[in-house]
**Student:** 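There's a structure below that I have some questions on.
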Amino acid sequence: MTYKAVLLDIDGTLVPIGRTGVTDRVVRCVEQLRRTGVKVIVATGRSGFVLTPALLGNFTADYYICVNGSLTLDADKRPMHEKRLGQQEMDALDALARQQEIVLGYTFEDAYYMYYGYDELCQKLAHLAAEDSPVDPEPKQGPGFVRNGEDRVRHHRSMPYGAVLHGVPKGMNFPMDANLSFVQFHPGSYDVYRKDLDKARTAEKLLHTLGIRLEETIAIGDGNNDVPMLRAAGLGVAMGNARPAAKAAADRVTLSVDQDGVAEVLEEIFKI
């Protein structure tokens with residue numbers, strides 16, 4: 001198989017969780033692929049506002065699929081395609097946050113706005129900062145990415161792409177009729193996005209415009225939200241530090257992010 005594109009997650013794949021900067025080895029590998037015409041596509045749960053050198057260092061891609069498939073950006077971070085939550089989905093999440101007294105934040109184009117539990121989240125982040133916890137949304141990527149939205153008016157300007165929940169009790173039942181997917185990324189913490197979206201489905205649409213089939217791609221990831229992408233790609237590769245579900249969905253497992261697993265597998269496959 002001649003692979004024409006590579007799909008790459010960020011946290012736990014390109015960048016160790018809780019840290020910043022893609023290693024020089026991975027950057028060199030990816031740039032060499034791009035020079036040969038292989039398309040490099042980031043597929044992340046993060047929004048576009050964090051895709052800066054503060055997080056990625058010198059790494060650049062041809063396209064960026066953000067918020068688990070809700071937003072697609074070109075190489076210059078300009079929007080190409082988007083699907084946002086509707087008022088019905090927001091109403092269901094607001095009711096859940098009120099009833100269960102959990103932290104709820106929405107992902108907009110400029111920041112995360114915490115509609116419920118802003119002070120609680122700030123206290124948790126301050127406590128966990130020294131531990132580099134993955135619960136920490138974006139503290140090292142610059143100020144102002146997590147904002148107090150408890151006036152609950154930010155969506156009057158534009159609807160959110162997705163949401164995050166923190167402090168979810170174990171075994172809690174999510175609303176099944178809300179047209180939403182709830183995907184755990186840390187104990188008690190969940191990404192929330194439209195049920196008709198995921199990284200794989202958005203990647204397939206983008207690849208179609210490029211004349212590339214999913215079978216001609218390599219997908220590399222580590223999280224539960226990477227599972228559809230790992231299953232759909234021609235070759236799914238899980239990081240050595242990946243969640244069990246990601247490893248089960250992949251065709252093979254590479255080294256961990258701390259061992260430059262991305263570069264290790266791409267150098268082998270593309271002989272670079």
Side-chain angles (χ1 to χ4, degrees), residues 2-17 19-82 107 109 138 141-142 145 161-162 197-214 216-223 225-226 228-230 232-239 254 257 260-267 269-270 272:
T2 299
Y3 295 110
K4 299 179 180 179
V6 177
L7 300 165
L8 299 170
D9 175 49
I10 293 180
D11 295 287
T13 300
L14 285 172
V15 178
I17 291 175
R19 286 156 53 187
T20 60
V22 180
T23 67
D24 291 342
R25 180 185 176 191
V26 172
V27 169
R28 286 194 300 270
C29 178
V30 165
E31 287 305 308
Q32 190 164 344
L33 290 183
R34 294 181 70 193
R35 285 193 293 271
T36 64
V38 175
K39 297 300 182 184
V40 175
I41 302 168
V42 162
T44 179
R46 292 177 179 258
S47 192
F49 55 78
V50 303
L51 302 177
T52 68
L55 172 64
L56 297 175
N58 294 321
F59 174 92
T60 57
D62 296 295
Y63 301 95
Y64 301 85
I65 294 171
C66 303
V67 202
N68 295 298
S70 302
L71 172 66
T72 304
L73 306 174
D74 67 13
D76 296 317
K77 317 290 182 15
R78 295 174 300 198
M80 298 173 60
H81 179 266
E82 64 178 37
T107 309
E109 51 265 45
E138 319 295 341
Q141 278 71 69
F145 284 167
Y161 295 114
L197 292 173
D198 58 41
K199 294 181 180 184
R201 280 183 271 197
T202 298
E204 184 173 27
K205 292 177 181 178
L206 172 62
L207 290 165
H208 179 74
T209 67
L210 302 174
I212 300 172
R213 295 175 290 116
L214 263 175
E216 298 173 306
T217 68
I218 299 171
I220 308 178
D222 73 296
N225 60 342
D226 295 317
M229 180 174 75
L230 295 173
L235 179 67
V237 181
M239 302 297 291
T254 186
V257 63
D260 279 342
V262 168
E264 186 75 14
V265 71
L266 293 181
E267 288 168 355
I269 292 171
F270 290 98
I272 56 177

**Student:** Is the number of heavy atoms from other residues, nucleotides or ligands within 6.0 Å of CD (E267) greater than 12?
**Tutor:**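 Enclosed: over 12 neighbouring heavy atoms sit under 6.0 Å from CD of E267.
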**Student:** Apply side-chain hydrogen bond (donor to acceptor under 3.5 Å, both in side chains) to Q32 and list each qualifying residue two or more places apart in sequence or on a separate chain.
**Tutor:** none
**Student:** Output, in order, the C-alpha distance, side-chain angles, deciding distance and verdict of side chain to side chain contact (heavy atoms under 4.5 Å, CB included) for L51 and L56.
**Tutor:** CA-CA 7 Å; L51 302 177; L56 297 175; 4.3 Å; yes
**Student:** Would you call L73 and P79 a side-chain contact if the rule is heavy atoms closer than 4.5 Å?
**Tutor:** yes
**Student:** Side chain to side chain contact (heavy atoms under 4.5 Å, CB included) between L266 and I220: does it pass, once the steps are laid out?
**Tutor:** CA-CA 10 Å; L266 293 181; I220 308 178; 4.1 Å; yes
**Student:** With a 4.5 Å heavy-atom cut-off, do M239 and T254 have their side chains touching?
**Tutor:**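 Of all side-chain heavy-atom pairs linking T254 with M239, at least one is under 4.5 Å.
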**Student:** Would you give me the side-chain donor-acceptor pairs under 3.5 Å for residues 64-72, sequence neighbours excluded?
**Tutor:**
| unit_1 | atom_1 | unit_2 | atom_2 | d |
| --- | --- | --- | --- | --- |
| Y64 | OH | A61 | N | 2.9 |
| N68 | OD1 | N225 | ND2 | 2.7 |
| S70 | OG | V67 | O | 3.0 |
| S70 | OG | Y161 | O | 3.2 |

**Student:** Identify the heavy atoms of T107 and S47 that sit nearest to each other, and give their distance.
**Tutor:** CG2-CB, 3.4 Å
**Student:** Nearest heavy-atom pair of D9 and G221: which atoms, and what distance?
**Tutor:**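 Looking at all heavy atoms of both residues, the closest pair is CB-CA, 3.9 Å.
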**Student:** Any idea which heavy atoms bring A263 and R25 closest together, and the distance?
**Tutor:**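 Closest approach of A263 to R25, heavy atoms only: CB-NE, 3.6 Å.
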**Student:** Measure the spacing between OG1 of T23 and CG of D260 and express it to the nearest 0.5 Å.
**Tutor:** 3.5 Å
**Student:** Within the structure provided, determine whether V237 and I218 are in side-chain contact (heavy-atom separation under 4.5 Å).
**Tutor:**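 Yes, at least one pair of side-chain atoms sits under 4.5 Å.
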**Student:** Would you give the length of the straight line joining atom OG1 of T44 to atom CG of L55, rounded to the nearest 0.5 angstrom?
**Tutor:** 8.0 Å
**Student:** Classify the ring geometry of Y3 against F270: parallel below 30°, tilted from 30° to 60°, perpendicular beyond 60°.
**Tutor:**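 It falls in the perpendicular class, over 60°.
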**Student:** Side-chain contact, heavy-atom cut-off 4.5 Å: I212 with T217?
**Tutor:** yes
**Student:** Give the intermediate values and the outcome of side chain to side chain contact (heavy atoms under 4.5 Å, CB included) for residues I272 and R28.
**Tutor:** CA-CA 10 Å; I272 56 177; R28 286 194 300 270; over 6 Å; no
**Student:** Is the side chain of K39 donor-acceptor paired with the backbone N or O of V6 at a distance under 3.5 Å, no angle test?
**Tutor:**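 Side chain of K39 to backbone of V6: no pair is present.
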**Student:** How long is the gap from CG on D222 to CG on L14, to the nearest 0.5 Å?
**Tutor:**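 Separation between the atoms: 10.0 Å.
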**Student:** Is there a side-chain contact between V15 and F59, using heavy atoms and a 4.5 Å cut-off?
**Tutor:** no
**Student:** Nearest 0.5 Å, please: how far is CG in L197 from CD in E82?
**Tutor:**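 Reported to 0.5 Å precision, the distance equals 11.5 Å.
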**Student:** Mind checking whether V30 and L8 have side chains closer than 4.5 Å, heavy atoms only?
**Tutor:** yes
**Student:** Rounded to the nearest 0.5 Å, what's the gap from CG on D11 to CZ on R19? Could you check?
**Tutor:**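 Reported value, rounded in 0.5 Å steps: 12.0 Å.
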**Student:** Do V50 and F145 come close enough that some side-chain heavy atom pair is under 4.5 Å?
**Tutor:**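 Yes; the side chains approach each other to less than 4.5 Å.
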**Student:** Please confirm whether the backbone N or O of R213 pairs with a side-chain atom of E216, one donor and one acceptor, at under 3.5 Å?
**Tutor:**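 Yes; judged by distance alone, with no hydrogens or angles, the pair exists.
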**Student:** Verify, without hydrogens or angle tests, whether D74 (side chain) and K77 (backbone) share a donor-acceptor contact under 3.5 angstrom.
**Tutor:**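 Yes, because the side chain of D74 sits within donor-acceptor range (under 3.5 Å) of the backbone of K77.
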**Student:** Using only atom types and a distance under 3.5 Å, with no angle test, would you say the side chain of D198 pairs donor to acceptor with the backbone of A200?
**Tutor:**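 Checked: pair present.
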**Student:** What's the shortest heavy-atom distance between M80 and L206, and which atoms?
**Tutor:** CE-CD1, 4.0 Å
**Student:** Which heavy atom of R34 sits nearest to which heavy atom of V40, and what is that distance?
**Tutor:**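 Heavy-atom minimum between the residues: CG-CG2, 3.5 Å.
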**Student:** Step by step, work out the side chain to side chain contact (heavy atoms under 4.5 Å, CB included) result for N58 and V22.
**Tutor:** CA-CA 7 Å; N58 294 321; V22 180; over 6 Å; no
